[in-house]
Structure formats: C-alpha cells, structure tokens
Peer 1: 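Below is one structure. I have some questions about it.
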Protein chains: 2
Amino acid sequence: MSRTKRPINIRDVARAAGVSTMTVSRVINNPAVVAPLTRERVQQVIDELKYTPSSVARSLRSSRTYTIGLITVDFADHFFANLSVGAELEARRRGFRVMLSSTERNPNNEREFVTLLAEQRVDGILLARDAIQVPRDPLTDPLPVDVPIVSTGFFRPELALCSVDIDNVDGGRLATDHLLDHGHRRIAILTGPVDHKAAVDRLEGYQLALSRAGIKLDPHLIVHAHGRQPDDGYMAMNELIQREVNFSAVFVYSDALAIGAMRSLRRAGLRIPDDVSIVAYDNIDFAAFTDPPLTTVQQPIQELGALATRILIEYIETGERPVPITILRCFLVERGSVKSRPPE
Amino acid sequence: MSRTKRPINIRDVARAAGVSTMTVSRVINNPAVVAPLTRERVQQVIDELKYTPSSVARSLRSSRTYTIGLITVDFADHFFANLSVGAELEARRRGFRVMLSSTERNPNNEREFVTLLAEQRVDGILLARDAIQVPRDPLTDPLPVDVPIVSTGFFRPELALCSVDIDNVDGGRLATDHLLDHGHRRIAILTGPVDHKAAVDRLEGYQLALSRAGIKLDPHLIVHAHGRQPDDGYMAMNELIQREVNFSAVFVYSDALAIGAMRSLRRAGLRIPDDVSIVAYDNIDFAAFTDPPLTTVQQPIQELGALATRILIEYIETGERPVPITILRCFLVERGSVKSRPPE
DNA sequence: TACTAAACTGCTAACGATAACATTTACTTA
DNA sequence: TAAGTAAATGTTATCGTTAGCAGTTTAGTA
C-alpha cells in the first residue's frame, strides 16, 4: 500500500544520477559550485523522482525549523482570526511556517503549549492573549523554555516578554473624545468583561478623555458586560438603563456588544443617534449594516499580527531581544450612530 | 547570548544521571522496564535540566511527525475559522499538531502548499476549499505528493480525493421547503458567487424543492451575488427588485448577504417578514440580532472540521483510504424573518 | 616536462533519538 | 555448585541531510 512507500531521499537521487549525496545537496543549496553538466543531470533526476528534501532532517542538522508557534485564545474570534491571518502572511513572506495552538480561553493551557512547541523546536513563539490572566505570577515563575517569545494583546511592559500591542487606552480616548467633540457631556461606557485587558484599557482611555475635558467621573455611567456576545451587550445596557441615570452618549466596548445594546435602547424607546449617540469598537463587517450604521474605532489587527511576526523573526535571526514595547494606534470610522448634541 | 544556548539533549541527561541514553529514552517512552531507583534518578535529572525530547529527531527516526497540514482559503472567514477550530481541537485530542497555510483565495497557491507541507513531512493534509477551482484538471493532473489528503468544502465524489462535506444541496432544500411549508409559492433565491461550490449546491437544493412541490422554475427569481459581503447582498437584491418580478419570499445564500439584502428590501419599502419572508444561511452571531432576527440554516462547521480531521487521522494510522464521501446535514434555526402567507 | 592552482566531487562525521541486538547482574534450580 | 533464566542496562547502527575537509581531475604556468 501507499503507506509503506518511503519518500524519495537524497541517496536515491544520488544513486540514480551517479553522483554522491553531497553533489545532490549542492545542486539544491548552492548550485553555482556544481559543474553545469552535472547540475543539469542531477536536477533532471530530482524532477523525475519528485524528490523533496526532508526538512525534518535539515532541521535536525541545522537546529533550525523555520517554524513559529502561534498560541491564541480562540482563533474563530474576529480579533484573533485576523491577527492569525496577518501573522501567517508575514511568516510565509519570510520563509517561515506557522504552527497553531488554541488555548480555548483556558490560560492554563498556555504553559502546556509553550512546552509542546518547545518540543517541536519551533524557532519562536507568538503569544496572543486577551485576558488579564495570571494563573501564576509570570515574573517569579517565567515560562518554561528559552525560545524567543513575542506577546500580543496583553501589553505589560514590566514583563520580560517583548510585547507588541494595540493602544487600547488611546482607542478609548479617541472614542470618548469623538463624543465630547460632538458636545456630549453625560457619556456612559459599556465596557467588556473585567478580566479583559482591552476592557480595562479602553475604560482607562475613557476616563482620561473625560478628566482632560474637566468632567467628573460618574461611576453610575460605567457598566461591564459579562461576555462578548450581543446578548451580553443587551443585558449590560438594560442594567445601565435601569439605573435611571441621565446620558446622551455611550462608548461601547465592541460592535458585537453594541448590536445588543442598540436593541436594548430601542426597546426602551430611545432612538439612535437622536436620543443616544454610540461609538463602538472593532469595525466588523456588519458594523456598516446596523441601523444606524455604527461609528466605530478600528484596530489595525492584521498589521498587528504581521508586525509581531516581523519582530519575532528578527528576534530569531539576530538573537537580540527587541524593544519590549511596540504600539499600534487605532483610528475612527465615522458612520451614523453619533449625533451632535445642541448646546443648551 | 541566549541564542547560542543549545537545548538540552538526551546525552546531557544521560551523562548527568550516569546512565546510557537508552535508559533515558526508556524512562520517557517505556518507564515500566526501568528499575524504579534508576527511573527516579533519571526523572529527577530530566526535571532539573528541563529536558524536552526533540520531536525533530524523533520524527527523523520514526518518519512520523504527528502533524497535519491545514490548507485553507482564508481563515478569517467565518466558515474556515470554525472549521479550523474544530480541526485543531480534534487533532490535539489525538496527539496531532496543525500546520497552517492560507491560500488567500488563490487556487494556484494550493499546489505550492501541498509541496511545502510534503517537505515538512506532515503525516496528512486537510484541504479546505470553497470554490469550484480547477486551475488544472485534478483528474489528469493529480496532486504532486503521496500523502493522505482529505478534502472539505468541495464535494466532488469523482475525484480521487476523499471528501468530507456539508450537504449544501440538502441545506438549500431545507430552506426552500421551510418557505414552501409557510405557503409561499413565488420564492426567489439570492445565491452566492457562481464559482462557489456551495452557491451552486444550494441553488440545486432550491430547484429540487421547487420541482418536488410541482412549481415551475422562474429564472427571473434567481440572482447571484458577486461577493460575500453585505454590500454584495444589497446590490444583488437591488437587481432582483429592479426586475419587477413578483415574490413573497427569498432564500439568501448567507447571513452576511441577507443583512445587505434586508437593507435593500427596506429601502424599497418592503417589510420583513410581512411583505417578504427570508431564510438565510450560516447562523452567524449576529443573525439573532438583525431586525427581524433571521431564520437561517445552520451548518455543523466545527463538527465538519473535527470529523474531517478524525477521518484523516484514521487514514494516516491505518493506511486505508476512507470512504470517499461523508456528508453532514444542516439544520434550521427558526427566528423571525419568515411569516406564513395566507392562502388566497 | 614538472609543478601548482583552480574547479569539481567525494568521504566522514554529526545533528538527537531509538530499535534491535548484546551484555551484565542477580537470582533460581537441579 | 554449575547452569540457566529473567531483569536491567548498554552498544551499535540508523533515520536524511550537510559542514568541513580530503581527494581527484583539469588547466595553466614556469
């Protein structure tokens, strides 16, 4: 059966071409030093036998795998899916392959994966997280291997890890400033789960913008969703409405939550953007198709994946630990969910 | 620097424990045959030195990599992202790793990737496509390597490839029957791009259901979207409306297209579901949050990924080519976009 | 003609792990 | 006590490739 068929190796080629394996190897890796006639003959045999050099053997010899491990929380998620696309593209462009691992949002898996990838002798690891997840203290209990690691989605400069990240504080500020610029003063925030780094950061940006504008923070205007689904946004907005505090605008953590939040507002008889303006976050495909279309903050996610990969590969190639912090800025996509509040 | 640090190998452990490499190997792979005292001592050294056996060396020795290659069209896409999640989970459960490659919807990349993965000596390949893409005739020009391959999203029993797929013909039938059951007779279809296998299949299911119900096909009721984005659905629906044919229901190829299509209908003054009922496809997160919430056909995508992977791994382990066709059924998720048409 | 440099090509060992076989040790049994 | 046996451990060779050096041929030079 086909399963007993052993792949063609360099010796088969050498034998068939009547040369040594070394010559075959040279034809592949350094053809210039081989006599043209020999080179041609060997190349022909290679083509005929469909010989592909084993990167397993090469890796063993060279202790380089040209593979990076990508550890991700859940790559069906919009953020991580796009991050992965950016990473894979950049890796491929630079001659690297990507090995996949999804922790399924269980931070304990992370450590196990790092070990697994180390076993695979990947040249480096890209760690993409979203949660403030410190199952153990990463400072006193460092990751178990000595492989170049670049981390993303978890901006913590105090960690030894090199981080590349999106500036969610600034994203939150951007969204809030946009609402302030439109005359809003009572601005609520519907942010993400408390254990999400990005949720905390965006909240911080919101607070920053308000304090810069000289507006006192009202804790009644802050609400956390318990999850990432539209339903969670729906419930969080219900809670905000029940508090019966006055607000003319909301900054919502994500488009997904915003979709639920809008439904809740509408159910409460509030019109968007006439009664309540909304700025959301992510600019998913459907943000342009809500009613009204969402004004939203867009993150350069693919670019983040590509940049992190580029930095990781440079780390691998040079051996020099890169600058620990690199930050990408978000930008605003204006659509129809924000309306100016007339000065009273 | 850390990059000069060579990973600990089995010989380091052997030396430190005062045994031969073989004993260390046995402690790892077959501890029962090692004397308890020796075993403990070796294990301790392993832990101390943080030794992880090199799977590169193991693979060379055993000619098994326990890695499968996943070739996907674009894994930020809802379908392929979920497929990948299912595949990765199942692979991991069975002790396999997944190597990623995205063709970026360029079918010519596929062949290149197969070669690349063969070079990596992956144990098998999972080929996930969506288009009717025959850059060359796959029958006369088979894939360049002799590795177990299972294909998905491209159900073509006549190919030598083993296919696992979702029954999109039945899905189309299911959607159409649902509308028929609600009394609709003039049912339009807004299907996907003509080069998408699934678009063709769902159209076929639509035709099947109508002909079974004894309804003559009206080509004016069939429209193809040019892409997969909501905008494409918007434009396709505009086209359908411009034709000024009478219809009381539409089966739309995907939720994404449906979102655009609904906007177009609304712009034309048509109410959903009062004037036009809609059945869509995919059940993406936001399908429950459109207005009205979409009745839609759901595909068991993760299950597909998992099943394809299971079949692939069994193929790898046993060497027996699996049955060429395995099919998964869709099911209907009823929400608010379908209304019964009163008998006239 | 003899000698040297240049151009090719080949040999050997090593990367890290382990299967197959070989050896050592401890203990049983006639 | 010698022979035999089972348990524990070691030795050797191998997977496919390539760096480093050695060897061979050819052409060029004195």
Side-chain angles (χ1 to χ4, degrees), chain A residues 3-43 45-46 49-67 118-123 145 147, chain B residues 3-43 45-46 49-67 118-123 145 147:
Chain A
R3 81 179 316 258
T4 61
K5 216 195 289 173
R6 168 185 64 75
I8 305 291
N9 64 30
I10 201 169
R11 236 168 301 137
D12 299 327
V13 177
R15 203 176 311 122
V19 296
S20 77
T21 59
M22 213 37 232
T23 300
V24 179
S25 174
R26 276 190 275 253
V27 169
I28 292 165
N29 299 300
N30 192 10
V33 304
V34 179
L37 240 72
T38 319
R39 191 199 310 149
E40 236 167 85
R41 184 158 37 98
V42 171
Q43 189 58 58
V45 175
I46 289 177
L49 298 180
K50 293 190 182 158
Y51 165 66
T52 22
S54 154
S55 26
V56 173
R58 279 181 164 171
S59 294
L60 181 60
R61 185 67 239 252
S62 65
S63 56
R64 294 282 263 108
T65 54
Y66 293 96
T67 300
E119 219 163 277
Q120 299 284 308
R121 298 293 189 262
V122 295
D123 292 338
V145 285
V147 179
Chain B
R3 79 181 318 258
T4 61
K5 215 194 288 170
R6 171 183 62 75
I8 306 290
N9 64 30
I10 200 168
R11 237 168 301 135
D12 299 327
V13 177
R15 201 175 313 123
V19 295
S20 76
T21 60
M22 210 40 229
T23 301
V24 179
S25 174
R26 276 190 274 254
V27 169
I28 293 165
N29 299 299
N30 192 9
V33 304
V34 179
L37 239 71
T38 318
R39 191 199 311 149
E40 237 166 83
R41 183 158 39 97
V42 172
Q43 189 57 57
V45 175
I46 289 177
L49 298 179
K50 293 191 180 155
Y51 165 65
T52 23
S54 155
S55 23
V56 173
R58 278 181 166 171
S59 293
L60 181 60
R61 185 69 239 254
S62 65
S63 57
R64 293 281 265 111
T65 54
Y66 293 96
T67 299
E119 218 163 279
Q120 299 283 309
R121 299 291 188 265
V122 295
D123 291 339
V145 284
V147 179

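In what follows, every heavy atom counts, from backbone to side chain, and hydrogens, waters and symmetry copies are set aside. Residue numbers start from 1 in every chain, and the chains themselves are labelled A, B, ... in the order their sequence lines are given, proteins ahead of strands.
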Peer 1: For B:Ser59, check side chain to side chain contact (heavy atoms under 4.5 Å, CB included) against everything at least two apart and list the hits.
Peer 2: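 Scan of B:Ser59 (side chain to side chain contact (heavy atoms under 4.5 Å, CB included), adjacent residues dropped) gives A:Val56, B:Thr65.
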
Peer 1: To the nearest 10°, let me know how far the axis at one end of the helix from C:dT1-D:dA30 to C:dA30-D:dT1 is tilted from the axis at the other, five pairs an end.
Peer 2: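 Roughly 70° between the end axes, to the nearest 10°.
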
Peer 1: Looking at DNA chain D, which of residues 25-37 of chain A put a heavy atom within less than 4.0 Å of it?
Peer 2: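 The stretch gives A:Ser25, A:Asn29 as the residues lying under 4.0 Å from the strand, ordered by number.
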
Peer 1: Which atom pairs, donor and acceptor, lie under 3.5 Å between side-chain atoms of residues 26-35 of chain A and protein residues at least two apart or in another chain?
Peer 2:
residue : atom : partner : partner atom : Å
A:Asn29 : OD1  : A:Arg58 : NH2          : 3.4
A:Asn29 : ND2  : A:Ser25 : O            : 3.0
A:Asn29 : ND2  : A:Ser25 : OG           : 3.3

Peer 1: Between which nucleotides of DNA chain C, 5' to 3', does chain B make heavy-atom contacts below 4.0 Å?
Peer 2: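 It runs C:dC15 to C:dA20.
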
Peer 1: Would you indicate what A:Ser62 reaches in the nucleic acid, counting non-hydrogen atoms under 4.0 angstrom: base, sugar-phosphate, or nothing?
Peer 2: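 The answer is nothing, as A:Ser62 stays clear of every strand by at least 4.0 Å.
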
Peer 1: Regarding B:Ser59, tell me which of base, sugar-phosphate or nothing describes its non-hydrogen contacts under 4.0 Å with the strands shown.
Peer 2: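 The residue B:Ser59 makes no contact with any strand.
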
Peer 1: Residues two or more places apart in sequence or in another chain: which of them pass side-chain hydrogen bond (donor to acceptor under 3.5 Å, both in side chains) with A:Glu119?
Peer 2: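 A:Glu119 satisfies side-chain hydrogen bond (donor to acceptor under 3.5 Å, both in side chains) with no other residue.
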
Peer 1: From D:dG16, D:dT18, D:dA13, pick the nucleotide closest to the side chain of B:Leu60?
Peer 2: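 Of all the options, the side chain of B:Leu60 is nearest to D:dG16.
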
Peer 1: Applying ring pair (Phe, Tyr, Trp, His ring centres under 6.0 Å), can you list everything that pairs with B:Tyr66, at least two apart in sequence or on another chain?
Peer 2: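 By the ring pair (Phe, Tyr, Trp, His ring centres under 6.0 Å) rule, B:Tyr66 matches B:Phe96.
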
Peer 1: For A:Ser63, answer base if it contacts any base atom (sugar-phosphate contacts may also be present), sugar-phosphate if it contacts only those atoms, and nothing otherwise; contact means non-hydrogen atoms under 4.0 Å.
Peer 2: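 Counting heavy atoms under 4.0 Å across all strands, no contact is made by A:Ser63.
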
Peer 1: N/O contacts under 3.5 Å, protein versus nucleotides 22-28 of chain D?
Peer 2:
none

Peer 1: For residues 11-19 of chain B, which residues have at least one heavy atom under 4.0 Å from DNA chain D?
Peer 2: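 Per residue number, the list reads B:Val19.
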
Peer 1: To the closest 0.5 Å, what do you measure between CD (A:Gln120) and OG1 (B:Thr52)?
Peer 2: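 With rounding to 0.5 Å, CD (A:Gln120) is 11.0 Å from OG1 (B:Thr52).
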
Peer 1: Only distances under 3.5 Å count here; give the side-chain donor-acceptor pairs of residues 9-20 of chain B to other protein atoms, sequence neighbours excluded, each with its distance to 0.1 Å.
Peer 2:
residue : atom : partner : partner atom : Å
B:Asn9  : OD1  : B:Arg11 : N            : 2.9
B:Asn9  : OD1  : B:Asp12 : N            : 3.0
B:Asp12 : OD2  : B:Arg6  : NH1          : 3.0
B:Asp12 : OD2  : B:Asn9  : N            : 2.9
B:Ser20 : OG   : B:Met22 : N            : 3.3
B:Ser20 : OG   : B:Thr23 : N            : 3.4

